[in-house]
Structure formats: C-alpha cells, structure tokens
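Step one of this worksheet: look at the structure below.
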Amino acid sequence: MSAMTEKELQRSKSVLPIGTVMRLTELTARQIRYYEEQGLVIPQRTDGNRRMYSLNDIDQLLEIKDYLNDGINMAGIKAIYAQKEKRAAERKSDSLTDSDVRRILHDEFLNISGFERHSATSLHSQRPLE
DNA sequence: GTTCTCACA
DNA sequence: TGTGAGTA
C-alpha cells in the first residue's frame, strides 16, 4: 500500500486486549471470537497467543453489530464484504463496469437525497435504511 | 486477574 | 451463543 497517513497507521496498531474490546463494543468474548472464526475481524496475536485489536478492528466489529441488529445473518454479512471486495477489484481495473455505473448513479441519487455516502475505508457508520 | 481452546447436562 | 473446564 502507498502513503498511509499517521492516523491510519495508528488506527491500524493492535494494542487492545479482548477485554477492552468487549467493553467498547458491548459484545461478548464468545461473539468476538466467533466473528473471527467466520473470517471477519482477524486480530493480531501476542507471543502468548493473546488477541490484540486495533481501532479499525473496533469499527469493524461495531459495523458487524449494526448489520446483525438490522437482521442480517453471518451469510449476509459475508456476502456484503464479498461484494465490497468485488468493487475494490473493479476499481483497480480502471475500466468502468456496468455495476460501477449503476453504483455511481445510485450514489448520486443518495447525495441528492441528502444522505452521506460512505467510502470503503471508513466503513462503519449509521445512516438511515436506503 | 485475564485470555485461550475445547466441549456440551 | 452461553458456560464451565483446565491452561498459560
């Protein structure tokens, strides 16, 4: 990756033990570990095999929590991330695909409607249902 | 005291 | 997803 800002670097630093993450996210250790099993939010490990999370991981967990509260299951969440990766891949292959065009038009619609569109980097947020 | 993995009356 | 066991 290129020029990662100082803030991005710090938000990527894994310095939080699971206990702190539990209090910050209101999630149980069981849930946090389960989401890891599902391939979402994989924390770093210490020499003693302790999980260490970054601020970005916290955001990621909060986002998952939101999806769950909206009634989306694990499969659905995975699908959402798979779709996000797909978009990221399309973006790199510089040519505009049909789905790109559709997404751009959709984003424009949201902007006109007065909603803020969120980038793929600052994932978590709370916007009204579309 | 905290976290880890594994198992399940 | 909860919880207890036995560790590190």
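- Sorted by residue number, the members of residues 26-48 of chain A with any non-hydrogen atom under 4.0 Å from DNA chain B read A:Arg33, A:Arg45.
- Nucleotides of DNA chain B with any atom under 4.0 Å from a heavy atom of chain A span, from 5' to 3', B:dT2 to B:dT5.
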Reading DNA chain B 5' to 3', how would its secondary structure be written in dot-bracket notation, given Watson-Crick and G-U pairs with both distances under 3.5 Å, brackets [ ] for crossing pairs and | for partners on other strands?
.|.|||||.

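- Shown here are the side chain to side chain donor-acceptor pair (under 3.5 Å) partners of A:Thr28, two or more places apart in sequence or in another chain: A:Gln31.
- A donor-acceptor distance shorter than 3.5 angstrom exists from the side chain of A:Asn73 to the backbone of A:Ala75, with no hydrogens or angles considered.
- With a 4.5 Å cut-off on side-chain heavy atoms, A:Arg87 and A:Asp100 do not count as touching.
- Take A:Lys65 and apply the side chain to side chain donor-acceptor pair (under 3.5 Å) test, not counting sequence neighbours, and it matches no residue.
- In this model, a donor atom of one side chain and an acceptor atom of the other lie less than 3.5 Å apart for A:Tyr81 and A:Glu63.
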Could you walk me through whether A:Leu68 and A:Met74 pass the side-chain contact (heavy atoms from CB on, under 4.5 Å) test, one step at a time?
CA-CA 8 Å; A:Leu68 259 28; A:Met74 280 301 115; 3.8 Å; yes

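- A heavy atom closer than 4.0 Å to some atom of DNA chain B occurs in no member of residues 72-80 of chain A.
- Remark: A:Arg11 pairs with A:Asp59 by the salt bridge (Lys or Arg N to Asp or Glu O under 4.0 Å) rule, at least two apart or across chains.
- For the atom pair CD of A:Gln60 and CD1 of A:Ile58, the computed distance is 11.0 Å after rounding to the nearest 0.5 Å.
- A:Ser54 meets the side chain to side chain contact (heavy atoms under 4.5 Å, CB included) test with A:Ser14, A:Asn56, A:Asp57; sequence neighbours excluded.
- Scanning DNA chain C 5' to 3' for nucleotides with an atom closer than 4.0 angstrom to a non-hydrogen atom of chain A gives a first and last hit of C:dT1 to C:dA8.
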Report all side-chain donor-acceptor pairs from residues 32-43 of chain A shorter than 3.5 Å, counting only partners two or more places apart or in another chain.
from    : atom 1 : to      : atom 2 : distance (Å)
A:Glu36 : OE1    : A:Arg51 : NH1    : 2.6
A:Glu36 : OE2    : A:Arg45 : NH2    : 3.4
A:Gln38 : OE1    : A:Lys78 : NZ     : 3.0

Side-chain donor-acceptor distances from residues 15-26 of chain A under 3.5 Å, at least two apart:
from    : atom 1 : to      : atom 2 : distance (Å)
A:Thr25 : OG1    : A:Val21 : O      : 2.7
A:Thr25 : OG1    : A:Leu27 : N      : 3.3

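- Considering only residues two or more places apart in sequence or on other chains, A:Arg50 meets the salt bridge (Lys or Arg N to Asp or Glu O under 4.0 Å) condition with none of them.
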Show the numbers, then the answer: is there a side-chain contact (heavy atoms from CB on, under 4.5 Å) between A:Glu108 and A:Leu105?
CA-CA 5 Å; A:Glu108 281 307 307; A:Leu105 292 176; 5.6 Å; no

